[in-house]
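Here the structure is laid out as structure tokens; the discussion comes afterwards.
Just so you know, these numbers use all the heavy atoms, side chains as well, and skip hydrogens, waters and symmetry mates.
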Amino acid sequence: MPIYEGSTAAEAIQKGLAALNITKDEAVIEVLEEAKKGFLGMGKKNARVSIEPSVTEEISEAVTETVEEVMEEAQPVAQVTITETLETPEPVAEPSIQQVLSELDDEAALTQLALYLTNITKELNAPALVKMERQENLIVFQLDTQKQGVLIGKHGKMLNALQYLAQVFIHRVAKNKLSVVVNVGDYRQKRQAILERLAQRTAEKVKRTGQPVFLEPMPAFERKQIHSALSKDDAIQTHSEGDEPYRYLVVEPVRKY
């Protein structure tokens with residue numbers, strides 16, 4: 001844990017940020033000891049702080065760009081879990097990892113996803129207890145951790161990266177099509193309220209200007225939330241463009257011919 005000193009806590013923090021070449025928003029800062037002035041030069045002590053880089057959007061982008069690498073690392077663990085429970089009275093050829101983790105029934109696939117997410121949170125130094133809940137047509141994986149900020153990331157980008165990885169994983173291993181949502185704390189609930197306000201503001205802008213609005217990339221289920229919020233507005237239509245995980249929603253006026 002890097003420790004920096006200064007005549008004041010603020011000075012120590014600035015020294016640390018400069019040494020690490022990061023901003024305050026990108027750091028986890030802990031004041032270990034406040035500065036002491038002392039008396040007549042006796043007992044004077046500098047302030048001491050510890051500073052570590054937080055998991056920022058660069059890491060979330062790296063997670064997205066290395067989907068294949070992360071999955072290859074996670075799969076051997078899952079293979080051991082499965083093969084230990086199988087009884088093979090007759091010698092058979094050892095199945096490959098891809099054969100083991102494919103065409104799984106719903107429960108087996110969801111169990112493997114829970115293990116997969118557990119391994120990722122450990123790699124991110126934010127170990128989480130993964131709980132699964134069924135809500136309507138979605139399966140929600142709740143990540144219970146002491147480091148929520150790490151798994152959510154700046155503007156939710158880390159959580160969206162985890163969401164993308166989870167959906168890719170479940171599509172590859174499950175026999176049936178399953179829709180999953182990854183959540184940390186009450187982030188998704190707060191995000192839904194934000195999306196509803198965004199949908200209304202966007203619709204008002206489209207109707208006022210007569211021009212389409214291109215929203216930021218977001219997960220499929222969030223795009224569906226905005227689409228649902230605007231579906232009853234006859235003057236507005238929506239559609240998605242781009243490729244995952246950068247697929248985005250376009251809100252535009254209905255063209256009258």
Check: [Y] and [X] side chains under 4.5 Å, non-hydrogen atoms:
{"X": "Val213", "Y": "Glu252", "answer": "no"}
{"X": "Asn119", "Y": "Thr121", "answer": "no"}
{"X": "Leu143", "Y": "Asn183", "answer": "no"}
{"X": "Leu129", "Y": "Lys131", "answer": "yes"}
{"X": "Leu32", "Y": "Val49", "answer": "no"}
{"X": "Leu124", "Y": "Met158", "answer": "yes"}
{"X": "Tyr4", "Y": "Ile51", "answer": "yes"}
{"X": "Phe141", "Y": "Val180", "answer": "yes"}

Measure the [atom1]-[atom2] distance between [X] and [Y] for me, rounded to the nearest 0.5 Å.
{"X": "Ile152", "Y": "Lys190", "atom1": "CD1", "atom2": "NZ", "result": "8.0 Å"}
{"X": "Leu151", "Y": "Tyr187", "atom1": "CG", "atom2": "OH", "result": "12.5 Å"}
{"X": "Tyr164", "Y": "Tyr246", "atom1": "OH", "atom2": "OH", "result": "8.0 Å"}
{"X": "Gln112", "Y": "Leu104", "atom1": "CD", "atom2": "CG", "result": "6.5 Å"}
{"X": "Ser231", "Y": "His227", "atom1": "OG", "atom2": "NE2", "result": "6.0 Å"}
{"X": "Glu216", "Y": "His155", "atom1": "CD", "atom2": "NE2", "result": "9.0 Å"}

salt_bridge([X], [Y]) N-O dist < 4.0 Å:
{"X": "Glu204", "Y": "Arg208", "answer": "no"}
{"X": "Glu107", "Y": "Arg134", "answer": "yes"}
{"X": "Glu5", "Y": "Arg48", "answer": "yes"}
{"X": "Glu222", "Y": "Arg188", "answer": "yes"}
{"X": "Lys207", "Y": "Asp233", "answer": "yes"}

Please check if the side chain of [X] supplies one atom and the backbone of [Y] the other of a donor-acceptor pair under 3.5 Å.
{"X": "Thr202", "Y": "Leu198", "result": "yes"}
{"X": "Gln237", "Y": "Val254", "result": "no"}
{"X": "Arg223", "Y": "Met218", "result": "yes"}

Over all atoms of both residues, closest heavy-atom pair of [X] and [Y]:
{"X": "Ser7", "Y": "Asn46", "value": "CA-OD1, 3.8 Å"}
{"X": "Leu249", "Y": "Ser240", "value": "CD1-OG, 3.6 Å"}
{"X": "Ala35", "Y": "Thr8", "value": "CB-CA, 4.3 Å"}
{"X": "Ala199", "Y": "Ala229", "value": "CB-CB, 4.0 Å"}
{"X": "Val182", "Y": "Ala166", "value": "CG2-CB, 3.7 Å"}
{"X": "Gly6", "Y": "Glu11", "value": "CA-OE2, 3.6 Å"}

*Within 6.0 angstrom of Asp105 CG, more than 12 heavy atoms from elsewhere*: yes
_Looking at Asp186, I'd like to know if its CG atom is crowded, meaning that more than 12 non-hydrogen atoms belonging to other residues, nucleotides or ligands lie closer than 6.0 Å._
yes
Decide whether [X] and [Y] are clustered together by the hydrophobic rule: side chain heavy atoms of Ile, Leu, Val, Met, Phe, Trp, Tyr closer than 4.5 Å, transitively.
{"X": "Val140", "Y": "Leu113", "value": "no"}
{"X": "Val130", "Y": "Val181", "value": "no"}
{"X": "Val250", "Y": "Val206", "value": "no"}
{"X": "Phe221", "Y": "Leu162", "value": "no"}
{"X": "Val184", "Y": "Leu165", "value": "yes"}

*Go through Asp106 and Ile139 one step at a time and tell me if the side chain to side chain contact (heavy atoms under 4.5 Å, CB included) criterion holds.*
CA-CA 11 Å; Asp106 291 0; Ile139 299 105; over 6 Å; no
*Trace of the side chain to side chain contact (heavy atoms under 4.5 Å, CB included) decision for Thr145 with Val150*: CA-CA 9 Å; Thr145 177; Val150 172; over 6 Å; no
*Short side-chain donor-acceptor distance under 3.5 Å, Glu241 and Tyr248*: yes
*Side chains of Gln225 and Glu196: is there a donor and an acceptor less than 3.5 Å apart?*
no
